[in-house]
2 protein chains.
Amino acid sequence: MSSETLKIPQATAKRLPLYYRFLKNLHSAGKLRVSSAELSEAVKVDSATIRRDFSYFGALGKKGYGYNVDYLLSFFRKTLDQDELTKVALVGVGNLGTALLNYNFLKNNNTKISVAFDIDEAKIGSTMSGVTIYHMDDMEKVLEELGISIAILTVPAPYAQSITDRLAKANVKGILNFTPARLTVPATMRVHHIDLAVELQSLVYFLKHYGVNEVEEIEE
Amino acid sequence: MSSETLKIPQATAKRLPLYYRFLKNLHSAGKLRVSSAELSEAVKVDSATIRRDFSYFGALGKKGYGYNVDYLLSFFRKTLDQDELTKVALVGVGNLGTALLNYNFLKNNNTKISVAFDIDEAKIGSTMSGVTIYHMDDMEKVLEELGISIAILTVPAPYAQSITDRLAKANVKGILNFTPARLTVPATMRVHHIDLAVELQSLVYFLKHYGVNEVEEIEE
DNA sequence: AAAACATTGTTATCCATTTCACATAAAACT
DNA sequence: AGTTTTATGTGAAATGGATAACAATGTTTT
Ligand SMILES: NC(=O)c1ccc[n+]([C@@H]2O[C@H](COP(=O)([O-])OP(=O)(O)OC[C@H]3O[C@@H](n4cnc5c(N)ncnc54)[C@H](O)[C@@H]3O)[C@@H](O)[C@H]2O)c1
Ligand SMILES: NC(=O)c1ccc[n+]([C@@H]2O[C@H](COP(=O)([O-])OP(=O)(O)OC[C@H]3O[C@@H](n4cnc5c(N)ncnc54)[C@H](O)[C@@H]3O)[C@@H](O)[C@H]2O)c1
């Protein structure tokens, strides 16, 4: 029995955190109202798309006026469960894992890396940015104790699948996967891939082959 | 005049580096042929989608047989310009920037961070993983000298836009943006956003609201 | 060499998402 | 109070992408 809310399109769901972030900016800047056109300029999403996205949640705005920033902000805070802290585990405290640990997700989201795991004895038992690093052997136990259901995976690719299998058994439901491995998971889990190498390579490809808006030649 | 190849769908273009990576794995493993079904299992993309993707480049396979790994690999190497090295600049050598510097993109791609920029005097002039860190004041000059047209942006968000404007003037055409800022760029540029916080938050949202395939209750 | 088999390439269909365009209604102005 | 302006919410159309399904065709087996 999941929080039975409505099933909005996935594309919309992915934009919600973005809207939330910019609404916070507007709020800090003291803005009281905002139009879909203004928001569009800020988040670089078509204004019609923004209105459509919002409309899945009912009529949040007023015709001829726009949206009340405070109202919208508190609405999204509830919708995005920003009131309760979501605890996340980090598996693999290497280059990337360390960067993520040092970054304070809390500043913007109510999401926090609460615990980390590694196999490097030099790191185990120590604390980074207030987060204790445990041995992988203790992973299942610690995850259960803390009731954690989301993990960030930043281990070398060859270990990704077997660790994923362990996470699945430990009742973890979501993985943010930074490794190049394509994980096999039970249907009850969800994986978001962040594939930096693919992202970089596809950017190169687009630039080479899509002649990014080459200024239209003016024939003479 | 961009390499006048064909205009394949963007979704396909984003999968090409993925295919390439797994083909290299297959090659290393000594496999000579592969079917779309096998590849599908490995990269977690529907086999019909894979065949469709490949078909944009002509008939690369053989009916009843599948695809020749070597042939496919060399085809994609050419298509993805893996023969020539693409030089990339890194702007902002902090937590995240350092992790990217230490990571050797070359292992898998012919893409390399060749130069880095920062404002921290402690870092400027030093070398990390063989990459020299220059002062931001020298950015335009160095970028031009090296003929770099792609940059990775890992600076604090408030500086992202003004640095982007400088990059645009310096003839950079692509930005891999890790900052939460939504950049305004000329139509001649392309930005890929990697928004870790959004990625994490939307994962949380999906798990909470989409009840990831809750095991169908068996009514008794 | 024939029969059985495997797998592509593609057509047709489906689905999700974006965008247009405008009726509607509230707000701002005169 | 009436008029004009503004900006929402949404039907309808357009776009973009994924998938089912299968004829075509080469491969493998006997
Ligand atoms: N660093 C980057 O910029 C970057 C970029 C793209 C992809 N990635 C991917 O992210 C992952 C991590 O990269 P990195 O640069 O941080 O690597 P890294 O080698 O610096 O860190 C890996 C960490 O995982 C730990 N580890 C190794 N085996 C383990 C195991 N079985 N269980 C638990 N922990 C284990 C190591 O002790 C180390 O601390 C890799 O899969 C890499 O391909 C990294
Ligand atoms: N570290 C993470 O895990 C993480 C996660 C999500 C998003 N981000 C985003 O990535 C960016 C970098 O994060 P970080 O953790 O590496 O921050 P950081 O503070 O560790 O690093 C920022 C670096 O940029 C340099 N810098 C500051 N102003 C500059 C300027 N004007 N020109 C050039 N360089 C400048 C600083 O000297 C520093 O080296 C931020 O925008 C952050 O929001 C980081």
Side-chain angles (χ1 to χ4, degrees), chain A residues 6-16 18-19 22-23 26 31-73 75-76 182 190 193 198 202 205-206 209-210, chain B residues 6-19 23 26 31-73 75-76 182 190 193 198 202 205-206 209-210:
Chain A
L6 61 185
K7 277 278 178 52
I8 58 170
Q10 304 218 358
T12 298
K14 286 217 163 191
R15 282 188 292 265
L16 297 184
L18 197 59
Y19 295 146
F22 278 86
L23 285 170
L26 291 177
K31 283 213 75 172
L32 298 179
R33 61 187 263 193
V34 65
S35 68
S36 60
E38 249 179 307
L39 207 46
S40 169
E41 171 55 28
V43 299
K44 313 288 181 207
V45 170
D46 186 90
S47 71
T49 300
I50 293 178
R51 291 199 301 279
R52 166 87 56 205
D53 283 347
F54 288 4
S55 79
Y56 291 116
F57 300 98
L60 303 178
K62 269 193 263 184
K63 301 195 180 190
Y65 175 89
Y67 302 89
N68 179 295
V69 171
D70 282 11
Y71 177 73
L72 215 49
L73 192 58
F75 179 84
F76 277 118
R182 247 44 190 180
R190 183 171 185 114
H193 293 276
V198 162
S202 69
Y205 183 88
F206 277 117
H209 297 265
Y210 283 64
Chain B
L6 60 185
K7 277 278 179 52
I8 59 171
Q10 303 218 358
T12 297
K14 285 217 164 193
R15 283 188 291 266
L16 297 184
L18 198 59
Y19 296 145
L23 285 171
L26 291 176
K31 283 213 77 172
L32 299 178
R33 61 186 261 191
V34 66
S35 68
S36 60
E38 248 180 308
L39 207 47
S40 169
E41 171 54 28
V43 299
K44 313 287 182 208
V45 170
D46 186 90
S47 71
T49 300
I50 293 178
R51 292 199 298 281
R52 158 92 52 219
D53 283 348
F54 287 4
S55 79
Y56 291 116
F57 300 98
L60 303 178
K62 272 193 259 185
K63 300 193 178 192
Y65 175 90
Y67 301 89
N68 179 296
V69 171
D70 282 11
Y71 177 73
L72 214 48
L73 192 59
F75 180 84
F76 277 117
R182 249 42 193 181
R190 184 171 183 113
H193 292 277
V198 162
S202 68
Y205 184 88
F206 277 117
H209 297 264
Y210 283 66

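Computed from a predicted model, the values in this text were never measured in an experiment. Just so it is clear: chains get the letters A, B, ... in the order the sequence lines come, proteins before strands, and each one is counted from 1.
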Drop me the distance from [X]'s [atom1] to [Y]'s [atom2], to the nearest 0.5 angstrom.
X: F75(A); Y: F54(A); atom1: CZ; atom2: CZ; result: 9.5 Å
X: Y19(A); Y: L39(A); atom1: OH; atom2: CG; result: 7.0 Å
X: R15(B); Y: I50(B); atom1: CZ; atom2: CD1; result: 8.5 Å
X: Y205(B); Y: T12(A); atom1: OH; atom2: OG1; result: 9.0 Å

Spacing between [X] atom [atom1] and [N] atom [atom2], to the nearest angstrom:
X: I50(B); N: dT7(C); atom1: CD1; atom2: C1'; result: 13 Å
X: D46(A); N: dT18(C); atom1: CG; atom2: C1'; result: 7 Å
X: D53(A); N: dT17(C); atom1: CG; atom2: P; result: 10 Å

Distance under 4.0 Å to a non-hydrogen atom of chain B counts as contact; along DNA chain D, which nucleotides mark the start and end? dG17(D) to dT28(D)

Mind telling me whether F76(A) and F57(A) have parallel, tilted or perpendicular rings, with 30° and 60° as the class edges? perpendicular

Answer yes or no: is there a donor N or O on one side and an acceptor on the other, between the side chain of S40(B) and the main chain of V45(B), under 3.5 Å? yes

Side chain of S202(B), backbone of V198(B): donor and acceptor closer than 3.5 Å?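 At least one qualifying donor-acceptor pair exists.
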
When you check the phosphate oxygens OP1 and OP2 of dA12(C), does a side-chain N or O of R52(B) lie under 4.0 Å from one of them? no

Under 4.0 Å between a side-chain N or O of Y67(B) and OP1 or OP2 of dG9(C)?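 Yes.
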
Contact state string [nucleotides 22-30 of chain C, B base, S sugar-phosphate only, - no protein heavy atom under 4.0 Å]: --BBBSS--

Which part of the nucleic acid does S47(A) contact within heavy-atom distance under 4.0 Å: base, sugar-phosphate only, or nothing?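 No contact.
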
Regarding T12(B), tell me which of base, sugar-phosphate or nothing describes its non-hydrogen contacts under 4.0 Å with the strands shown.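 If one applies the 4.0 Å heavy-atom cut-off, T12(B) turns out to touch nothing in the nucleic acid.
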
Between E38(B) and R33(B), is there a salt bridge with N-O shorter than 4.0 Å?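 Salt bridge flag = no for E38(B) with R33(B).
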
For the side chain of S35(B), counting heavy atoms from C-beta on, which of dT18(C), dT8(C), dT10(C) is nearest? dT8(C)

